[in-house]
Each structure stands twice: as C-alpha cells, then as structure tokens.
Number of protein chains: 2
Amino acid sequence: MPIPKKNIPATVDKVDSRYLESLLGYNARRVALTVIDLFMERMAPHDLRPVDFSVLSLIRNNPGITSRQLCTALDILPPNLVGMISTFEKKKLVRRQPHPLDGRAMALFLTVDGEARMALAEPTVTQLEAEVAGRLTPAEFQNLLHLLQKIYLPSEPAPRKR
Amino acid sequence: MPIPKKNIPATVDKVDSRYLESLLGYNARRVALTVIDLFMERMAPHDLRPVDFSVLSLIRNNPGITSRQLCTALDILPPNLVGMISTFEKKKLVRRQPHPLDGRAMALFLTVDGEARMALAEPTVTQLEAEVAGRLTPAEFQNLLHLLQKIYLPSEPAPRKR
DNA sequence: TATTGTTATACTCTATAACTATA
DNA sequence: TATAGTTATAGAGTATAACAATA
C-alpha cells in the first residue's frame with residue numbers, strides 16, 4: 001500500500017511526459033534534435049551545418065543537379081538556397097555551370113576542394129550515426145530507418161505539397 | 001542490355017538521395033517535418049502550434065509544474081517560454097500561482113478554458129497521428145516509438161546538455 | 001553563491017513578393 | 001504563360017547577457 005502523501009498544495013517532483021511520448025511527431029523531433037546537436041558538435045571542424053552537408057552530399061551524388069532539384073529534394077525554398085550556393089562558391093567547394101539543356105538553370109558540381117571536404121566529412125557522419133545508434137542492434141537500426149521512410153516516403157510517388 | 005545514353009553533358013533526371021536516406025538524422029527530420037506540417041494544418045482551428053500543445057499538455061498532466069520544469073522537459077530556453085506563458089494567460093488558458101514551496105517559482109495550471117481547449121485538441125492530435133501512421137500496423141507503430149525513444153531517452157537518466 | 005523568472009536583444013532560420021531571363 | 005534563379009525583406013524561431021528576487 002502506497003504511503004499517503006503529505007497534504008501540501010500541488011507540486012510536481014517528476015514531470016510526467018508519457019502522453020507526449022506516445023506521439024510520433026514529438027519523438028521524431030526529439031530524435032532529430034539529438035542527432036543534429038551531435039552533428040553540429042562533430043562537424044564544426046569541417047565547418048558544415050546539417051543542411052550544408054545535405055546539399056553538398058546531393059551535389060556529390062548527383063553531378064549537374066540544379067538548384068531547383070536540390071530545393072525539391074531537401075524541401076528548401078529557392079531564395080534560401082541562393083545564399084548557401086554563393087557561400088560554397090566563395091569557399092571554392094562548389095562550381096556553377098550553365099545547364100546544357102536549359103538556359104535558365106545552373107548545373108552544380110563539387111570542386112576538387114569540395115570533394116576533399118566531403119571525403120573527410122562523410123566518415124565523421126558515419127561515426128556519429130554509429131554512436132547515436134549504439135543502443136540499437138544493426139537490425140533494429142535498419143528497421144527504424146525503414147519505418148521512418150514509410151511515414152514520409154509515399155510508395156505511390158504522389159507530389160508533396162508544402 | 002541497357003540502351004546506351006546519348007553523349008550529352010551531365011544532367012540529372014532523377015535525384016539519387018539514397019545516401020541521405022541511410023542517415024537517421026535525415027529521416028527523423030523528414031518525419032518530424034511531415035508530422036508538424038499536418039499538425040499545423042489540423043490544429044489551426046484550435047490556434048495551437050506544436051510547442052503550444054506540448055506546453056499545455058504538460059501543464060495539464062502535471063498541475064503545478066514550474067516554468068523551469070517545462071523548459072527542462074521540452075528543451076526550451078527560459079526567455080523563450082516567458083512570452084508563451086504570458087500569451088496563454090492573456091487568453092485565459094493558463095493561470096500562474098506562487099509556488100507553495102519556492103518563492104522564486106510560479107506554479108502553472110490550466111484554467112477551465114484551457115482544459116476545454118485541450119479536451120478538443122487532443123482528439124485532433126490522436127486523429128492526425130492515426131493518419132500519419134496509416135501505412136504502419138499498430139505493432140510497427142509501437143515499435144517505431146520504442147526505437148525512437150531508445151535513441152533520445154537514455155536508460156540511465158543522465159542529464160542532457162544543450 | 002546558485003537558481004527562478006524576467007527583459008532586452010541579437011542571431012539564425014524560414015517564408016513571401018517581385019523581378020529577369022529563358023522555356 | 002510557366003519556370004529557374006535571384007533580390008529584398010519580413011517574420012518566426014532560437015540564443016546570450018544581464019538583472020531582481022529568493023534559495
């Protein structure tokens with residue numbers, strides 16, 4: 001039988017977060033913040049924020065990708081990408097080139113410096129991912145990625161609006 | 001045998017995002033954005049952003065909780081909570097009361113209006129969660145929450161820094 | 001001396017409108 | 001007429017420093 005509490009006005013000793021923890025949105029955001037915090041810490045020597053890494057990674061794996069394609073893939077608004085690309089150009093990480101088939105567009109490529117930067121940064125990301133996933137078995141980790149993708153990647157490639 | 005491509009300069013037709021999709025941080029952020037977008041859409045009639053809902057939910061389930069406890073539980077900085085609480089007070093959703101055991105602190109409670117607002121809002125959240133999880137079986141959904149929590153909820157309750 | 005709540009403020013991130021060059 | 005890229009700018013979100021009152 002539980003010991004009766006003293007009759008004091010309502011105070012909270014341990015916060016009950018169980019309801020929030022039953023919500024996918026809450027849990028996904030907490031995990032995203034956890035990983036992003038560690039990411040920024042570890043990637044500081046490489047001078048890359050998460051979004052920088054995402055952009056450079058897509059250019060690396062898709063040479064000649066356009067700004068518009070980057071914006072669609074990463075859910076970035078075009079005006080907010082312009083500054084990033086300009087900064088990358090100033091730092092000699094990215095090179096812009098007229099698109100061969102569309103005179104309005106610019107094709108994006110990593111420079112040699114950009115390739116080198118990413119070659120150093122990717123293992124750092126791999127390492128921090130491994131640490132974050134440390135409490136999960138490899139099978140659990142793969143399952144987690146798969147379940148997350150089932151949420152945001154429609155099997156039918158219907159256009160996403162935002 | 002694949003048909004040889006025409007010899008044109010590098011252009012990208014379909015963006016290859018497979019590397020990013022192998023990263024937990026990327027997937028968690030995409031899911032968080034997906035759920036938050038739907039959340040804001042559905043909760044607009046209730047005039048509650050995700051963070052508003054989280055704060056009111058914690059007050060509801062922890063009557064007498066302090067601002068400091070809210071900040072710790074939700075990873076909000078104290079200066080950024082002040083305005084929210086003030087707004088809630090103006091809207092008669094939350095009531096502040098001197099803390100019975102700590103003269104510096106304020107104990108927070110929902111008003112009758114606040115309870116009513118949350119009583120309407122919670123079913124909306126339950127509904128949208130069910131929709132987002134629609135592609136998953138109930139067992140998969142529970143497993144997803146469990147795996148996410150293993151990432152950000154340490155079994156040993158070590159203090160998080162940020 | 002440390003902590004709670006608060007103010008003021010700066011910085012970053014995200015969003016909107018409008019323009020140009022080209023399709 | 002629609003789209004890619006760009007500029008300028010507004011708004012929301014997040015961060016730091018400093019202070020008064022209390023522990």
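The chains referred to below are lettered A, B, ... by the order of the sequence lines, with proteins before strands, and numbering in each begins at 1.
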Q. Among all residues two or more places apart in sequence or in another chain, which pass the ring pair (Phe, Tyr, Trp, His ring centres under 6.0 Å) test with A:F39?
A. A:F53

Q) Given C:dT7, C:dT16, D:dT16, which nucleotide is nearest the side-chain atoms of B:L77? A) D:dT16

Q | Listed partners of A:Q127 passing side-chain hydrogen bond (donor to acceptor under 3.5 Å, both in side chains), at least two apart | A | A:E131

Q: Could I get the full list of side-chain hydrogen bond (donor to acceptor under 3.5 Å, both in side chains) partners for A:D47, not counting sequence neighbours?
A: A:K91

Q: Check salt bridge (charged side-chain N to carboxylate O under 4.0 Å, His left out) between B:E89 and all other residues, then give those that pass, not counting sequence neighbours.
A: B:R96

Check the distance between [N]'s [atom2] and [X]'s [atom1] and give it to me in whole angstrom.
| X | N | atom1 | atom2 | result |
| --- | --- | --- | --- | --- |
| B:L74 | D:dG13 | CG | C1' | 15 Å |
| A:Q97 | D:dG5 | CD | C1' | 17 Å |
| B:M106 | C:dT3 | CE | C1' | 16 Å |
| A:I65 | D:dG5 | CD1 | P | 10 Å |
| B:L81 | D:dG13 | CG | C1' | 14 Å |
| B:I36 | C:dA15 | CD1 | P | 11 Å |
| B:L70 | C:dT6 | CG | P | 12 Å |
| B:D37 | C:dT14 | CG | C1' | 12 Å |

Q) Using links of under 4.5 Å between side-chain heavy atoms of ILVMFWY residues, direct or through other members, which residues join A:I36 in one cluster? A) A:M40

Q. Does the side chain of B:R30 come within less than 4.5 Å of A:L148's, by heavy atoms?
A. no

Q | Residues within residues 53-63 of chain A bordering DNA chain C, heavy-atom distance below 4.0 Å | A | none

Q: Starting at the 5' end of nucleotides 17-23 of chain C, put B wherever the base has a protein heavy atom under 4.0 Å, S where only the sugar-phosphate does, and a dash everywhere else.
A: B---BBS

Please write out the pairs of protein N or O atoms and N or O atoms of nucleotides 9-13 of chain C separated by less than 3.5 Å, giving the distance to one decimal.
from   : atom 1 : to    : atom 2 : distance (Å)
C:dC13 : OP1    : A:R49 : NH1    : 3.2
C:dC13 : OP2    : A:R49 : NH1    : 2.9

Q. Checking side chain to side chain contact (heavy atoms under 4.5 Å, CB included) against B:Y152, which of A:L33, A:V31, A:V35 comes through?
A. A:V31

Q. Can you list every salt bridge (Lys or Arg N to Asp or Glu O under 4.0 Å) pair that touches residues 139-148 of chain B, not counting sequence neighbours?
A. A:K150-B:E140

Quick one: side chains of residues 79-87 of chain B, donor-acceptor pairs under 3.5 Å with protein atoms, not counting sequence neighbours, listed by atom name and distance.
from  : atom 1 : to    : atom 2 : distance (Å)
B:S86 : OG     : B:V82 : O      : 2.9
B:T87 : OG1    : B:G83 : O      : 2.8

Return a table of donor-acceptor pairs under 3.5 angstrom between the side chains of residues 103-121 of chain B and protein atoms on other chains or two or more places apart.
from   : atom 1 : to     : atom 2 : distance (Å)
B:R104 : NE     : B:D102 : OD1    : 3.1
B:R104 : NH2    : B:D102 : OD2    : 2.9
B:T111 : OG1    : B:K92  : O      : 2.5
B:T111 : OG1    : B:L93  : O      : 3.3
B:T111 : OG1    : B:D113 : N      : 3.3
B:T111 : OG1    : B:G114 : N      : 2.9
B:E115 : OE1    : B:R60  : NE     : 3.2
B:R117 : NH1    : B:H46  : O      : 2.9

Q: Taking side chain to side chain contact (heavy atoms under 4.5 Å, CB included) as the test, write out the residues that go with B:N62, two or more places apart.
A: A:V12, A:V15, A:D16, B:L58, B:I65

